[in-house]
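Order of appearance sets the numbers: ligands from 1, and atoms from 1 within every ligand.
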Amino acid sequence: MNIEKATLENAIDIANIEKICFPPAEAANLESIKQRINTFRNQFFILVDNSKIIGFINGMVTDIENLNDEMYENASLHNENGKWQMIFGIDILPEYQNKGYAGMLMRHFIENAKNENRKGVVLTCKEKLLSFYEHFGFSNEGISQSEHGGGCWYQMRLIF
Ligand SMILES: CC(C)(COP(=O)(O)OP(=O)(O)OC[C@H]1O[C@@H](n2cnc3c(N)ncnc32)[C@H](O)[C@@H]1OP(=O)(O)O)[C@@H](O)C(=O)NCCC(=O)NCCS
């Protein structure tokens, strides 16, 4: 297993994994994946098993403290010198889940944000994943403003 920075050549595989892992209203489409790789490739990592992409993690950097829905739609809001590292998504292909691979990606992503001198990492998630993120030191800040794909989202933050 290798963790690498995503390239545009990986965009189709990444979009396919996103389709498998999320319902249509929540899944980022191919265009959006391409925009993200183009804009914040330094914060877009793939997990590769013998040249097969089995998962990924990504998010923009910003000075804005709270994650809002416009960020998902508009990669150009990325600010390479920003204080906060956002997480837009972490996906592991179903047949590779529960083997510690998301943990590998999360720890790598958090380490990368520390090395880039960010203040911390912010994400939103559904209730069922609160305990997953608490595992990595994130605190629940309550219900977020996000209406991304409908449903109720919680904002979580890890401060370094
Ligand atoms: C959530 C997801 C990324 C977890 O990936 P994974 O590779 O199965 O997770 P790991 O095996 O690395 O688990 C890491 C730890 O979190 C725990 N964990 C895994 N899934 C969990 C869940 N749904 N709820 C609570 N804890 C969970 C594991 O038990 C493990 O704990 P351990 O280290 O004590 O054994 C994966 O299920 C997925 O891609 N789901 C679909 C997309 C999604 O919902 N992404 C997150 C929202 S952005």
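Phe136 and Phe132 have perpendicular rings, their planes meeting at more than 60° on a 0 to 90° scale where under 30° would count as parallel.
Near Asp91, the atoms of ligand 1 lying under 4.0 angstrom from a non-hydrogen atom of the residue are 39 (O). Near Lys99, the atoms of ligand 1 lying under 4.0 angstrom from a non-hydrogen atom of the residue are 11 (O). Atom numbering of ligand 1 starts at 1 in the shown order; those under 4.0 Å from a heavy atom of Lys128 are 24 (N). Remark: ligand 1 atoms within the under-4.0 Å shell around heavy atoms of Asn98 are 6 (P), 7 (O), 8 (O), 11 (O). Numbered from 1 in the order shown, with element, the atoms of ligand 1 that lie under 4.0 Å from a heavy atom of Gly103 read 12 (O).
Using modelled atom types, one finds no donor on one side chain facing an acceptor on the other under 3.5 Å when comparing Asn29 with Ser32. Looking only at atom types and distance, the side chain of Ser146 has a donor-acceptor partner in the side chain of Asp69 under 3.5 Å away. Residues Gln145 and Asn66 bring no donor and acceptor atom of their side chains to less than 3.5 Å of each other.
Listed by chain and residue number, nothing satisfies the ring pair (Phe, Tyr, Trp, His ring centres under 6.0 Å) test with Tyr101 (two or more places apart in sequence, or in another chain).
In terms of protein heavy-atom proximity, atom 42 (C) of ligand 1 is closest to Phe22 CZ, 3.6 Å. The protein non-hydrogen atom at the shortest distance from atom 44 (O) of ligand 1 is Leu129 CD1, 3.6 Å. Protein heavy atom closest to atom 39 (O) of ligand 1, with residue, atom name and distance, is Ile92 N, 2.8 Å. Of all protein heavy atoms, the one closest to atom 40 (N) of ligand 1 is Gln97 NE2, 3.6 Å. The nearest protein atom to atom 5 (O) of ligand 1, hydrogens excluded, is given as Ala102 CB, 3.1 Å; this is a heavy-atom distance. Scanning the protein heavy atoms around atom 25 (C) of ligand 1, the nearest turns out to be Ser131 OG, 3.2 Å. With hydrogens left out, the protein atom closest to atom 16 (O) of ligand 1 is Phe132 CD1, 3.1 Å, a heavy atom.
In this structure, Gly100 is part of the shell of residues with a heavy atom less than 4.0 angstrom from ligand 1. Contact annotation: Tyr133 has at least one heavy atom less than 4.0 Å from an atom of ligand 1.
Within a 4.0 Å radius of atom 8 (O) of ligand 1, the protein contributes at least one heavy atom. Distance check on atom 28 (C) of ligand 1: every protein heavy atom falls at or beyond the 4.0 Å cut-off. Protein heavy atoms are absent from the 4.0 Å sphere centred on atom 35 (O) of ligand 1.
In this structure, Ile3 and Phe109 have side chains that are not in contact, with every pair of non-hydrogen atoms separated by 4.5 Å or more.
With hydrogens and angles disregarded, no donor-acceptor distance shorter than 3.5 Å links the side chain of Glu141 to the backbone of Arg157. Distance alone, capped at 3.5 Å, places no donor-acceptor pair between the Gln85 side chain and the Ile110 backbone. Distance alone, capped at 3.5 Å, is enough to place a donor-acceptor pair between the Arg41 side chain and the Ala6 backbone.
Looking at Ile90 next to ligand 1, an N or O pair under 3.5 Å apart turns up.
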Tell me which donor-acceptor pairs under 3.5 Å the side chains of residues 121-129 have, and how far apart each pair is, sequence neighbours excluded?
{"residue": "Thr124", "atom": "OG1", "partner": "Tyr72", "partner atom": "OH", "Å": "3.0"}
{"residue": "Lys126", "atom": "NZ", "partner": "Glu26", "partner atom": "OE2", "Å": "2.8"}

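Within a 6.0 Å sphere centred on CD of Glu95, other residues, nucleotides and ligands contribute more than 12 heavy atoms. Atom CD of Glu147 sits in a sparse spot, with 12 or fewer heavy atoms from other residues, nucleotides or ligands closer than 6.0 Å.
Between atom 32 (P) of ligand 1 and the options Lys126, His135, Met104, the minimum heavy-atom separation is to His135.
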